[in-house]
Amino acid sequence: MPALFFVAPPSPSHAVAGPAALPFRGVAGGALLDRLRTWHPAVSQERLILLASLFFAVASNGPFWRASYALHPGNLLFGLALSGLLVTANAVLLSLLVWRWSAKPLLTVLFFSTAMAVHYMSTYGVYMDADMVRNVLQTDARESRELITPALILPLLVYAVLPTLAVWRVRIPPRRLIRTAWIRPLFIAGLLVVGAGSVLLASADVASMLRNHREIKYLATPLNYLIGLEQNLRSNSPIKRAAKAPIAQDAKAAPHAPGARPRLLVLVVGETVRAQNWGLNGYRRQTTPELAQIGVVNFPDMHSCGTSTEVSVPCMFSRLGRRHYDEKAIRSEQSLLNVLDGVGIKTLWRDNQSGCKGVCEGTAFESLADAKDPGLCADGRCMDEVLLKGLAEQVRLTPGDRVVVLHQLGNHGPSYFQRYPGNFRTFTPPCENPELGNCPREQIVNAYDNAVLYTDHFLARAVHELQAMDDYDTALIYVSDHGESLGEKGLYLHGVPYAIAPAEQTSVPMVMWFSRHFALDRGLDTRCLAQRARQRTDHDVLFSSVLGLLQVATSAYDPAQDVFASCVTPTARA
Ligand SMILES: [Zn+2]
């Protein structure tokens, strides 16, 4: 999701066109314009807060009302209770932010950001929780460009421009500070009483909704993203400044036999590819023809840690994983890459997306997203094959065992059609409009599947590159970060809170390939691994599996999370 929130407000001096600007006007129209021109009602700060809260509750909460109505259709008391709660909750929050000097610019920003948030929430079925707000904040200009479409114009006009014009016509009378000092607390206390009173109208239903359908609160704007923003500011600021806590400090790599070839493991972090559309998993379309030719170990029952890049990528490289999920802890400590670097297996993160999400902090990072390769890059975006450019040379620069992460752009939506070159336009016609709502579902799936075909080609090319590097024992692990909804249950894209996420967003493909020498040297039985691959697996295994495969011993290693544990000879490195 893009960073769309902070759009510059329209200049107040252009808020209303003066009558002189109109060459013709009838008598009635003229009178109306004159009245508008002189319309400057005095509105107190608290009344403005109430009016804005009412406006948000009525005009900007379609997804919230639809989801709550579905719980208790036709229950009037429940509706009244929720209305009271929503208006007062918004008003309490605004009471902390809206003052005479801040009211107009702040409400303008809120009208625009709310209109955009509601547009994306209704169009793609996304929830604005703290994770989604972080996705928005981390989005780069390229991603935002793909999401700004003509379909935004009407909602912005109605839900942002009109209320903004009205607010800038209002006069907020000055008031002595001492008066505000007692009016505002009294106002907030009144709101709390009204809010509590409205909950009493249907307290059992409201309590059950807040307990059993917590995700609905992430649909209430602008509360949802303001709280998410505050959570992000609070949790990120101290951690960003502090150095990450070291982990696995007892880690040791098995000694290298003299004359043995160094190992090179390429870890491909895929983007937005879901298991359902993966040819090797038995999808009705062969979307992975090249991998099928090569013969890889496929994990058909693989599950992601999160439903967004911001959650999944840090989680995949952490020792905690989904089973001990704690976002703050994961972000505040080192990753698998730091452990590998620490024992002398130098890592390199090559990126064709929006960075490593903190995972590669303190280790080598190279962004190719801005590369200028004329055959692979255009309009500030590159095809994933750019990640293979100069790969072998980069690896050989640092002697010894190496781990290289390739972070794909993959199936990053909604512009799936821009994720593959023209010769992969196999399933036709593909949706070639970033506004997915304008395409029939089959066309969206066609574009998505073409992008999967291109990932298949990219991975096959990566394997061929590794096969050509016979000065290394080589291996490749590919795993996607999360899945994608393509219109199932009315959902598009991804990022639904994990607890209620549909399988489309959490089932992901994973494949592995090993050169003959790698498997021999490591004593890896790939047939045994193919058996293991049939079991349910999740992102949590990455940390211990990579350590186990590369023979790094540490107390942070968990054999139960190592998919190779029962398929390798337990002897020390030959
Ligand atoms: Zn992602």
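None of these values were measured; they are calculated from a predicted model. Hydrogens, waters and symmetry mates are skipped; everything else that's a heavy atom, side chains included, is used. Both counts, for ligands and for their atoms, begin at 1 and track the order of listing.
For His482, the N, O or S atom with the smallest separation from the Zn ion (ligand 1) is NE2. As for Glu271, its N/O/S atom nearest the Zn ion (ligand 1) is the one called OE2. Here the N, O or S atom of Asp481 that is nearest to the Zn ion (ligand 1) is OD2.
Under the 4.0 Å criterion applied to side-chain N and carboxylate O atoms, Arg319 and Glu333 are assigned as salt-bridge partners. By the 4.0 Å N-to-carboxylate-O rule, Arg536 lies too far from Asp301 to be salt-bridged with it.
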Is there a ring pair (Phe, Tyr, Trp, His ring centres under 6.0 Å) between Phe317 and Trp349? Walk through the geometry before answering. CA-CA 12 Å; Phe317 287 85; Trp349 183 291; 5.6 Å; yes

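In summary, His412 places no N/O/S atom under 2.8 Å from the Zn ion (ligand 1), failing the contact criterion. Among the atoms of Thr309, an N, O or S atom falls under 2.8 Å of the Zn ion (ligand 1). Residue Glu310 does not count as close to the Zn ion (ligand 1), with no N, O or S atom under 2.8 Å.
There is no side-chain donor-acceptor pair under 3.5 Å between Gln505 and Glu484.
For Phe56 and Phe111, the distance between ring centers is under 6.0 angstrom.
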